[in-house]
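Positions are given from 1 along the sequence.
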Amino acid sequence: MWEERYENYHEIYGGEVESRTSNYADLANKYYDLVTSFYEYGWGESFHFGSRWQGETLRESLKRHEHFLALQLGLKKGMKVLDVGCGIGGPLREIARFSSASVTGLNNNAYQISRGKELNFSVGLSETCNFVKADFMNMPIPDATFDAAYAIEATCHAPDAVGVYREICRVLKPGQLFALDEWCMTDKYDPGNSRHRSIKAEIELGNGLPDIRTTKQCIQALKDAGFEVVSVKDLAEDSPLPWYLPLDSSQFSLNGFRLTRVGRFITHMLVKTLECLHVAPQGSLRVSSFLETAAEGLVKGAKEGIFTPIFFVLARKPLDKQPEI
């Protein structure tokens, strides 16, 4: 079964980093085939985190973060923009409407692209926004195509950070900007600490990741890929409300009821019932369970200060950067 093959990639089930890295496309595709519907049900169309203000709903905080990225990139009408690892296109649609830019979503998962096209059509964006099904390690896109690019919590799935950043740099026009939200282990992470390693493994299992990089590795990889780093900020540090609040089972919110402990329990039991009745596909309950593992690992990592999903970097492709031969 797919869910068993997925689990066997991970450390908790005896898997090795090398196996996850060498099979990164299969790992990510299996993960998103399994979880996309769960994500959309629990989180909406934008599969990412963001800093959050007092009195702000989860959806409002995600939209504000997407606007922040558009402003950092200076997006405007007439610009061609690349969304690397676009999911079902929630941020793509919001950024396109906010900036009037044309956005291309790159994704290697056929189901997510199909869903994204449906949603684009429903809001009248089929003419200005499109999708490309491709591996972000090897984009079928000519050099110097885009006026800007961004990746929101997506390149953490790459087996080689330098490789994916280099591909993004290649398809950007010289002098243009790349905005990145990366999942990273912070300076507080100690690989010699067994609890830290266990939390990291839970996050990797629950989120389809080969190996979570540190913030320092992320910055160095961007430089090695040919980018100039303009600014760096862990956006989790100054967030008035914790970014993980919707996942924290100790909290209760009517607005985010489906994500609370009670809401997740009801969802779990509903999935179990639907699977027993053969309404939901076989394996759905197992998917629900490892998403629970993901939530627990993310909250533990955040509370210990060893993990952030919103390590923001703004980088620029140098004006004199030439395509590699």
Side-chain angles (χ1 to χ4, degrees), residues 24-25 28 66-87 89 91-109 112-113 116-117 120 125-182 213 217-232 311-325:
Y24 71 95
E66 291 155 9
H67 296 174
F68 163 78
L69 295 176
L71 292 170
Q72 289 290 310
L73 291 168
L75 301 188
K76 58 186 178 182
K77 188 173 184 179
M79 292 179 72
K80 292 176 63 178
V81 184
L82 179 65
D83 180 333
V84 182
C86 61
L92 176 155
R93 287 181 287 279
E94 186 62 38
I95 286 172
R97 286 180 292 208
F98 178 74
S99 67
S100 298
S102 297
V103 187
T104 295
L106 185 117
N107 191 327
N108 206 24
N109 184 270
Q112 288 197 338
I113 287 182
K117 286 179 177 179
N120 277 10
L125 286 174
S126 296
E127 297 299 317
T128 56
C129 297
N130 67 308
F131 294 92
V132 174
K133 185 182 184 303
D135 183 350
F136 54 25
M137 300 297 294
N138 186 25
M139 303 182 200
I141 297 170
D143 296 343
T145 294
F146 293 101
D147 301 300
Y150 62 87
I152 307 176
E153 305 177 26
T155 51
C156 49
H157 291 285
D160 170 24
V162 175
V164 68
Y165 298 156
R166 185 180 288 128
E167 269 292 271
I168 295 166
C169 190
R170 180 184 66 78
V171 301
L172 267 180
K173 295 176 182 177
Q176 301 308 305
L177 294 169
F178 169 47
L180 172 69
D181 283 343
E182 193 66 280
R213 292 173 278 274
Q217 288 171 332
C218 173
I219 294 169
Q220 188 58 52
L222 283 162
K223 293 176 179 177
D224 291 344
F227 279 108
E228 298 170 348
V229 174
V230 177
S231 62
V232 174
F311 185 66
F312 173 74
V313 185
L314 186 66
R316 178 182 283 110
K317 178 176 180 174
L319 279 169
D320 61 351
K321 180 73 174 174
Q322 300 298 319
E324 294 187 7
I325 299 175

For this session: Test H157 against V164 for side-chain contact (heavy atoms from CB on, under 4.5 Å), laying out the working first.
Result: CA-CA 10 Å; H157 291 285; V164 68; over 6 Å; no

Problem set entry | F178: ring pair (Phe, Tyr, Trp, His ring centres under 6.0 Å) partners, not counting sequence neighbours | F227

Starting at [atom1] of [X], measure out to [atom2] of [Y] and round the result to the nearest 0.5 Å.
X: D135; Y: L106; atom1: CG; atom2: CG; value: 8.5 Å
X: N109; Y: K133; atom1: CG; atom2: NZ; value: 7.5 Å
X: S100; Y: I95; atom1: OG; atom2: CD1; value: 12.5 Å

Problem set entry | Heavy-atom closest pair, residues F312 and D181 | CD1-OD1, 3.5 Å

For this session: Please name the pair of heavy atoms, one in L172 and one in A149, separated by the smallest distance, quoted to 0.1 Å.
Result: CD2-N, 3.8 Å

Problem set entry | Backbone N/O of C169 and side chain of K317: donor-acceptor pair under 3.5 Å | yes

Listed by chain and number, what are the side chain to side chain contact (heavy atoms under 4.5 Å, CB included) partners of [X], not counting sequence neighbours?
X: V230; answer: L177, L314, R316
X: P142; answer: T145
X: T104; answer: L82, N130, V132, F146
X: R213; answer: A158, A161, E182, Q217

Kindly list each side-chain donor-acceptor pair under 3.5 angstrom involving residues 66-78, sequence neighbours excluded, with atom names and distances?
{"unit_1": "E66", "atom_1": "OE2", "unit_2": "S46", "atom_2": "OG", "d": "2.8"}
{"unit_1": "E66", "atom_1": "OE2", "unit_2": "H48", "atom_2": "NE2", "d": "2.7"}
{"unit_1": "H67", "atom_1": "NE2", "unit_2": "E94", "atom_2": "OE2", "d": "2.8"}

Exercise. When you look at T155 and L180, which way does the side-chain contact (heavy atoms from CB on, under 4.5 Å) test go after all the steps?
Worked result: CA-CA 9 Å; T155 51; L180 172 69; 3.4 Å; yes

Exercise. Taking only residues two or more places apart in sequence, or in another chain, which ones meet K173 in a salt bridge (Lys or Arg N to Asp or Glu O under 4.0 Å)?
Worked result: D147

For this session: Show your working on side-chain contact (heavy atoms from CB on, under 4.5 Å) between V84 and Y165 and close with a plain yes or no.
Result: CA-CA 10 Å; V84 182; Y165 298 156; over 6 Å; no

Exercise. Heavy atoms, side chains only, cut-off 4.5 Å: are D224 and R166 in contact?
Worked result: no

Exercise. Is there side-chain contact between R93 and C129, with heavy atoms separated by less than 4.5 Å?
Worked result: no

For this session: Test side-chain contact (heavy atoms from CB on, under 4.5 Å) on N107 and F131 and set out the steps.
Result: CA-CA 7 Å; N107 191 327; F131 294 92; 5.5 Å; no

Exercise. What residues form a side chain to side chain donor-acceptor pair (under 3.5 Å) with E167, not counting sequence neighbours?
Worked result: R170

